[in-house]
**Q** 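Once you've had a glance at the structure underneath, I'll fire off some questions.
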Number of protein chains: 2
Amino acid sequence: MRRGCEEASDGCHGKFRGFGYRMTLARQSILDVLSRTSKHLSAEEIYHEVYKTHPTSGLATVYRTVELLVQIGLVNKFDFGDNRARYELEIGSEHKAHHHHLVCMNCRRVIDYTDFIEEEVELLSKTEKGLSKKYNFQIKKHIIQFYGLCDKCQ
Amino acid sequence: MRRGCEEASDGCHGKFRGFGYRMTLARQSILDVLSRTSKHLSAEEIYHEVYKTHPTSGLATVYRTVELLVQIGLVNKFDFGDNRARYELEIGSEHKAHHHHLVCMNCRRVIDYTDFIEEEVELLSKTEKGLSKKYNFQIKKHIIQFYGLCDKCQ
DNA sequence: TTAGTAGTGATAATCATTATCAATAAGGAG
DNA sequence: CTCCTTATTGATAATGATTATCACTACTAA
Ligand SMILES: [Mn+2]
Ligand SMILES: [Mn+2]
Ligand SMILES: [Zn+2]
Ligand SMILES: [Zn+2]
């Protein structure tokens, strides 16, 4: 059951070391929280979750770690319009794979979707190739979000 | 030369009234600023620009107006990762048409692109149709951003 | 004109995120 | 295992973008 967490943590451990960072208990627990959830957590929400097993950890460390994870590329940072950053593991979790988002403009609910990805992936790689050449821009990642009204809000 | 501005303002005037809002001098000048530029301005940048012809206008009004414009759908609000919201006219400007963005993860430069849109548009409408049905989600708009390194930063 | 209300400017308040700094602990050398 | 170097941390103050307040002004409709 916990495999996802451990996999994520282990993989991250190596990645951390590779970048010259240390793997600490605080970072470990933050990674665990992120790999355990299927939600898009804010820094404070991560902090509360970490608190349950690691009450000595501080909020500042959550901010620092999460920012680090974004730099390394293990975590994605999103703005869903509720005035706080939200974070999500990019890979390595049992819950998550690369996906895009539907954001309800009314209730702010966020839906992950992986359907239609096959076709999207094809066009994306084509688009990325074209853009790279035309603008001499080296594309690392993309964010695709559809805004609208969810079933309960229309 | 100013056609773009006036078109935008005029169109907006009607839209404002339609939503039960008044078209004021302050709102007018904010719209003018937005339709005159090709940049992605922050609230404070808009304020400084408005100040040149309208020194009595306040920053709070810029925030209020710009948020109003987002609700109405005339303006798009973006997060390019520099800790402030940036705004851009959705339509009706000589400078702008619907487009997507390349964001440099290093220097934070933002490039508008409209190339490849034809193919993207096709897939997008297909994707939107599928998502709408599957999730019973009514899609109003989308945000597509590619992150990476610009020519000067790689 | 007049009452009712939307909009405004100044500014205080909010609150997510950062910076500071002394104390702590990861992890390599010996 | 012990010691040393220094990255990391927790507490907390500071920052800064965005919002809320409020008294006042400008529309608008009758
Ligand atoms: Mn997601
Ligand atoms: Mn743009
Ligand atoms: Zn909703
Ligand atoms: Zn750059």
Side-chain angles (χ1 to χ4, degrees), chain A residues 9-10 12-33 40-72 75 77-87 108, chain B residues 9 12-33 40-72 75-87 108:
Chain A
S9 299
D10 288 357
C12 295
H13 192 289
K15 199 137 192 177
F16 262 93
R17 303 305 308 280
F19 277 85
Y21 298 120
R22 295 175 185 172
M23 176 51 72
T24 67
L25 225 54
R27 287 171 178 172
Q28 191 73 247
S29 65
I30 290 167
L31 274 168
D32 284 347
V33 165
H40 310 88
L41 300 178
S42 68
E44 193 142 7
E45 287 169 346
I46 295 171
Y47 169 69
H48 287 317
E49 203 56 36
V50 165
Y51 186 88
K52 294 178 182 171
T53 62
H54 233 259
T56 59
S57 245
L59 177 57
T61 296
V62 173
Y63 274 105
R64 283 184 294 236
T65 301
V66 117
E67 208 51 44
L68 201 65
L69 290 165
V70 170
Q71 307 305 347
I72 294 179
V75 163
K77 182 178 186 177
F78 291 103
D79 166 34
F80 292 133
D82 62 345
N83 301 326
R84 75 210 57 201
R86 293 189 168 275
Y87 303 89
R108 293 292 163 194
Chain B
S9 300
C12 296
H13 191 289
K15 199 139 190 174
F16 262 91
R17 302 306 307 280
F19 276 86
Y21 297 122
R22 298 174 184 169
M23 175 52 72
T24 66
L25 223 56
R27 288 171 179 174
Q28 190 72 248
S29 66
I30 289 166
L31 274 169
D32 285 346
V33 165
H40 311 87
L41 301 178
S42 68
E44 194 142 6
E45 287 169 345
I46 294 171
Y47 169 68
H48 287 317
E49 202 56 36
V50 165
Y51 187 89
K52 293 179 183 172
T53 61
H54 233 260
T56 59
S57 244
L59 176 59
T61 296
V62 172
Y63 273 105
R64 284 185 291 235
T65 300
V66 118
E67 209 50 43
L68 201 66
L69 290 166
V70 170
Q71 306 306 345
I72 294 180
V75 163
N76 288 323
K77 182 178 186 176
F78 291 103
D79 167 31
F80 292 132
D82 63 344
N83 300 327
R84 75 210 58 200
R86 293 189 170 273
Y87 302 89
R108 292 291 163 194

**Q** Looking at side-chain heavy atoms only, is the closest gap between B/T65 and B/T24 below 4.5 Å?
**A** no
**Q** Is it true that, when you exclude A/F78 itself, more than 12 heavy atoms of the residues, nucleotides or ligands shown sit nearer than 6.0 Å to its CZ?
**A** yes
**Q** B/Y47 and B/S57: which non-hydrogen atoms are nearest, and at how many Å?
**A** CE1-O, 3.2 Å
**Q** Dot-bracket notation for DNA chain D is requested: 5' to 3', Watson-Crick or G-U wobble pairs only, both distances under 3.5 Å, with ( ), [ ], | and . as defined.
**A** ||||||||||||||||||||||||||||||
**Q** Between A/Y63 and C/dT18, is there a contact of a side-chain N or O with OP1 or OP2 at under 4.0 Å?
**A** no
**Q** Distance check, rounded to the nearest 0.5 Å: B/M23 atom CE versus B/Q28 atom CD?
**A** 5.0 Å
**Q** Can you name the atoms? Protein N/O to nucleotides 9-12 of chain D N/O, anything below 3.5 Å, with the distance.
**A**
{"from": "D/dT9", "atom 1": "OP1", "to": "A/T24", "atom 2": "OG1", "distance (Å)": "2.6"}
{"from": "D/dG10", "atom 1": "OP1", "to": "A/T56", "atom 2": "O", "distance (Å)": "3.1"}
{"from": "D/dG10", "atom 1": "OP1", "to": "A/S57", "atom 2": "OG", "distance (Å)": "3.3"}
{"from": "D/dG10", "atom 1": "OP2", "to": "A/G58", "atom 2": "N", "distance (Å)": "3.1"}
{"from": "D/dG10", "atom 1": "OP2", "to": "A/T61", "atom 2": "OG1", "distance (Å)": "2.3"}
{"from": "D/dG10", "atom 1": "O5'", "to": "A/T56", "atom 2": "O", "distance (Å)": "3.4"}
{"from": "D/dG10", "atom 1": "N7", "to": "A/R64", "atom 2": "NH2", "distance (Å)": "2.8"}
{"from": "D/dG10", "atom 1": "O6", "to": "A/R64", "atom 2": "NH1", "distance (Å)": "3.3"}

**Q** How many Å lie between CG on A/L68 and P on C/dA26, as a whole number?
**A** 16 Å
**Q** Using modelled atom types only, decide if a donor and an acceptor are shared between the side chain of A/S29 and the backbone of A/A26 within a distance under 3.5 Å.
**A** yes
**Q** Give, ordered by number, those residues of residues 79-87 of chain B having at least one heavy-atom distance below 4.0 Å to an atom of DNA chain D; if nothing qualifies, reply none.
**A** B/N83, B/R84, B/A85
**Q** Would you mind reading off the distance between A/M23 atom CE and C/dG27 atom C1', rounded to a whole angstrom?
**A** 14 Å
**Q** Starting at CZ of B/F19 and ending at P of C/dG7, how long is that distance when rounded to a whole Å?
**A** 13 Å
**Q** Can you tell me how far C1' of D/dT25 sits from CZ of B/R22, to the nearest Å?
**A** 11 Å
**Q** Can you name the atoms? Protein N/O to nucleotides 28-30 of chain C N/O, anything below 3.5 Å, with the distance.
**A**
{"from": "C/dG28", "atom 1": "OP1", "to": "A/R17", "atom 2": "NH2", "distance (Å)": "2.5"}

**Q** If you measure from CG on A/D32 to CD1 on A/I46, what distance do you get to the nearest 0.5 Å?
**A** 12.0 Å
**Q** Between A/F16 (CZ) and C/dA26 (C1'), how many Å, whole number?
**A** 13 Å
**Q** Without decimals, in angstroms, what is the distance between A/L69 CG and D/dT8 C1'?
**A** 14 Å
**Q** Heavy atoms only: give me the nearest B/P55-B/T53 pair and the separation to one decimal.
**A** CD-C, 3.6 Å
**Q** Can you name the closest pair of heavy atoms from B/R22 and B/R27 and give their distance?
**A** O-NH1, 2.6 Å
**Q** Can you see which heavy atom on B/A85 is nearest to which on B/K77, and at what distance?
**A** CB-CE, 3.7 Å
**Q** Going by salt bridge (charged side-chain N to carboxylate O under 4.0 Å, His left out), name the residues that satisfy it together with B/R86, two or more places apart in sequence or in a different chain.
**A** B/E45, B/D82
**Q** Take atom CD of B/Q28 and atom C1' of C/dG7, then tell me their distance rounded to the nearest Å.
**A** 15 Å
**Q** Out of A/V70, A/V33, A/V62, which residue meets the side chain to side chain contact (heavy atoms under 4.5 Å, CB included) rule with A/Y87?
**A** A/V70
**Q** What pairs with A/H40 under ring pair (Phe, Tyr, Trp, His ring centres under 6.0 Å), at least two apart in sequence or on another chain?
**A** A/F80, A/H101
**Q** Between B/E44 and B/L59, which heavy-atom pair has the shortest distance, and what is it?
**A** CA-CD1, 4.1 Å
